[in-house]
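Have a look at the structure below, then the notes.
All figures in this text were calculated on a predicted structure; none of them were measured in a lab. Just so it is clear: chains get the letters A, B, ... in the order the sequence lines come, proteins before strands, and each one is counted from 1.
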There are 2 protein chains.
Amino acid sequence: MALKIEMLRAFCTVAQTGNLSEAANRLGRTQSAVSMTLKQMEDHLGKRLFEGERKNQLSPLGEQVFELAQKQVRRFDQTVQSIELAAEAAHGLLQIVSVPSVAALVFPPVLEHMTARHPGLKVELRDTDTQEVLDALAEGKADIGIASGYHPLNGVRAVPLFADRFGLVCATDHPLHRQETAPTIADVISSSFVRNALCGLIRNERFVEASSNADVTIHNTHSLITMVRTGKWVTVLPQTVARFMPEATAFRPIADLPDKREVYLYQRERSRFAALAEECCAFIQSCDLSGDPG
Amino acid sequence: MALKIEMLRAFCTVAQTGNLSEAANRLGRTQSAVSMTLKQMEDHLGKRLFEGERKNQLSPLGEQVFELAQKQVRRFDQTVQSIELAAEAAHGLLQIVSVPSVAALVFPPVLEHMTARHPGLKVELRDTDTQEVLDALAEGKADIGIASGYHPLNGVRAVPLFADRFGLVCATDHPLHRQETAPTIADVISSSFVRNALCGLIRNERFVEASSNADVTIHNTHSLITMVRTGKWVTVLPQTVARFMPEATAFRPIADLPDKREVYLYQRERSRFAALAEECCAFIQSCDLSGDPG
DNA sequence: AAAGCAACTTCAGGAAAGTTGAAGAATGGC
DNA sequence: GCCATTCTTCAACTTTCCTGAAGTTGCTTT
């Protein structure tokens, strides 16, 4: 039998839980059903997906399949959700996807503005990384996207939204915040520097080189803030992101790092409720988002 | 009943063919099976997907669902193919995705080099647009990718491969080729200019503005070449792409358009046959790809 | 207007796939 | 060596899916 979504889903669940009964539980099936599904899958592929007698160790092939399957399952579920959402929304639907840092800034006013003006309008807001924002636009899962950098995409209009200077983020009592002269790249890197996902956007050669052997990289913003608040660690972020940092942290430009993060607003050209998307984009552009009007 | 892949597939086929019997035929089902599947889907969503009595006109919702569903089905089939390929490949598997223009340049030597050195190695080569190259890398469907521009991606290493100047492509007997002085942006745009997908990579403000109201855009390279060969139309392409143009066409730098297309080599950091990917990347980098060593 | 036609829907029965609980086999901790 | 845990296998059962035949619907022919 051919591979099916439910087969992939079962496999992923087992791979994650590491045992059949727990997986069966999560899937709402019996253990034996899951066992048989898995056997079908292995038979079909002609190779084992697990090593050893139990299901707690993936084979190399299993690892690879797991990665593929998991992405596929997630994507499928998301598509289903999108389709169902689209079907429910009779009076209009606006799907907006953004990188988290801008989402926090944009979603509240957008939501207020659009729902007030359009009773019955359904709005879906989602935040993920730039890559997925672009995916969502390309696949028709989003009408409007906000992401870092310029990425030409068929059928999607891109306009610059704002630019945002990178700078040091550290605790207010950190030496680099207290010192009089603006810190340099060397200063920052030689402190206990934590890389983060947004650092990847900096093309500045000296920074790239200096930060390439940073020991710690944190992707989750919340954890990042926690680290910085201890006063022991510092990081580099765009200024608007730093706006959402708590009291005891501060943002400071870095003397020899003039780089900015360029944030673009993406808009699908063909969408079911084009007028709504148009209105929403106009509103987003009318907001003053830049924390750094220079 | 919940939405299933086979349901989406049936819907897409009907949407494409515009009638049930032809769709049933392609799906290897009877007409009535397809009819029932479609009914299930409409019942589930609570809305009609087609308008009128026949299945040849999608409703607005249908249009939207079609777009989502088709992408999902394609993606699913591709994932299945990847999984099956991975299972078959016992002695190594190398999945390489590239934008078409570089694919033509890179695939032949890579294939020769790698298969000669590794008997039993399976190689998968695919060409698509930059967006899908990045998707494939992000989803684990490719070990190595070649795409235009720099796009930071988690777990994927990016190194510049070569840069490639944009220039005029026209028939050899076109006035812009014959004239002594190098053509300018204004010259090119005021000729019968055909935009193409790669033009989107040019950030030069004057070019962007000038080309924004071009009447014709062609995405397919073959059609593009045909147009240029007539001698009536001209286009703008990177030099290496122009290398594959037939005899009667020529490439010429544009005086006030110094822009280059930057091509990057992407490499997944974790993959089942990491050593192979490593070797392959090294080989690709050792090739002299730039047609323009300046 | 009756017959013909093409596209689609509905229906009942049967085939295929998926599910279950119980019984059996393998493994590892104690 | 025994027991608990985990997984596989089996036969019966349920659900889902598919088919072929009959029934609608609306348009075209004569």
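The stretch residues 59-82 of chain B participates, sequence neighbours left out, in these salt bridge (Lys or Arg N to Asp or Glu O under 4.0 Å) pairs: E139(A)-R75(B), R268(A)-E67(B), R9(B)-D77(B), E67(B)-K71(B), R75(B)-D135(B), R75(B)-E139(B).
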Subject >> Test side chain to side chain contact (heavy atoms under 4.5 Å, CB included) applied to S82(A) and Q95(A), step by step >> reply: CA-CA 9 Å; S82(A) 282; Q95(A) 290 167 293; 3.7 Å; yes
Original post:
Where do R272(B) and L61(A) land on the side chain to side chain contact (heavy atoms under 4.5 Å, CB included) test, with the steps shown first?
Top reply: CA-CA 7 Å; R272(B) 183 146 72 112; L61(A) 174 63; 3.5 Å; yes
Original post:
So K141(B) and E132(B), salt bridge (charged side-chain N to carboxylate O under 4.0 Å, His left out) or not? Walk me through it.
Top reply: CA-CA 10 Å; K141(B) 286 182 192 162; E132(B) 286 206 44; over 6 Å; no
Subject >> Candidate pair E51(A) and Q57(A), rule side-chain hydrogen bond (donor to acceptor under 3.5 Å, both in side chains), full reasoning >> reply: CA-CA 5 Å; E51(A) 273 172 354; Q57(A) 180 59 53; 4.6 Å; no
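Residues from residues 11-21 of chain B that place a heavy atom under 4.0 Å from any atom of DNA chain D: there are none.
Proximity of the aromatic rings of F50(B) and F66(B) is defined here by a centroid distance below 6.0 angstrom, and this criterion is not met.
Using the six-membered ring where Trp is involved, H113(A) and F283(A) have ring planes that are parallel, under 30° apart on the 30 and 60° scheme.
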Under 3.5 Å, N/O pairs linking protein and nucleotides 28-30 of chain C:
none

Collect all protein-nucleotide pairs involving nucleotides 2-5 of chain C in which both atoms are nitrogen or oxygen and the distance is under 3.5 Å.
none

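Rounded to whole Å, the distance from CE on M41(B) to P on dC8(C) is 16 Å. Atom CD of E51(B) and atom P of dC8(C) are 15 Å apart (whole Å). Across the protein-nucleic acid pair, E22(A) atom CD and dC7(D) atom P stand 11 Å apart, rounded to whole Å. Between the CG atom of L49(A) and the P atom of dC7(D) there is a distance of 14 Å, given to the nearest Å. Atom C1' of nucleotide dT8(D) and atom CZ of F50(A) are separated by 15 Å, given to the nearest angstrom. As rounded to whole Å, 12 Å separates atom C1' of dT9(C) from atom CD of E42(B). Summarising the geometry, the separation between CD on Q57(A) and C1' on dC7(D) is reported as 17 Å, rounded to the nearest angstrom.
S223(A) places no side-chain N or O within donor-acceptor distance of the main-chain N or O of H219(A), the cut-off being under 3.5 Å. At distances below 3.5 Å, not a single donor-acceptor pair connects side-chain atoms of T217(B) with backbone N or O atoms of R195(B).
Within the structure, every side-chain polar atom (N or O) of K39(A) is placed at least 4.0 Å from both OP1 and OP2 of dC10(D). For dT9(C), the OP1/OP2 oxygens have a side-chain nitrogen or oxygen of S35(B) closer than 4.0 Å.
Within a 6.0 Å radius of CZ in R270(A), no more than 12 heavy atoms belonging to other residues, nucleotides or ligands are found.
Evaluation of the ring-ring contact (aromatic ring centres under 6.0 Å, His included) rule for F76(B) yields no partner, not counting sequence neighbours.
Going from atom OG of S35(A) over to atom CD of Q40(A) covers 10.5 Å, rounded to the nearest 0.5 Å. Here M114(B) contributes atom CE and I284(B) contributes atom CD1; the two are 9.0 Å apart, rounded to the nearest 0.5 Å.
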Original post:
In the 5'-to-3' direction, what one-character label does each nucleotide of nucleotides 17-22 of chain C receive under the scheme B = base within less than 4.0 Å of a protein heavy atom, S = sugar-phosphate only, - = no such atom?
Top reply: SSBBB-
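In this model, a donor atom of one side chain and an acceptor atom of the other lie less than 3.5 Å apart for Q72(B) and T79(A).
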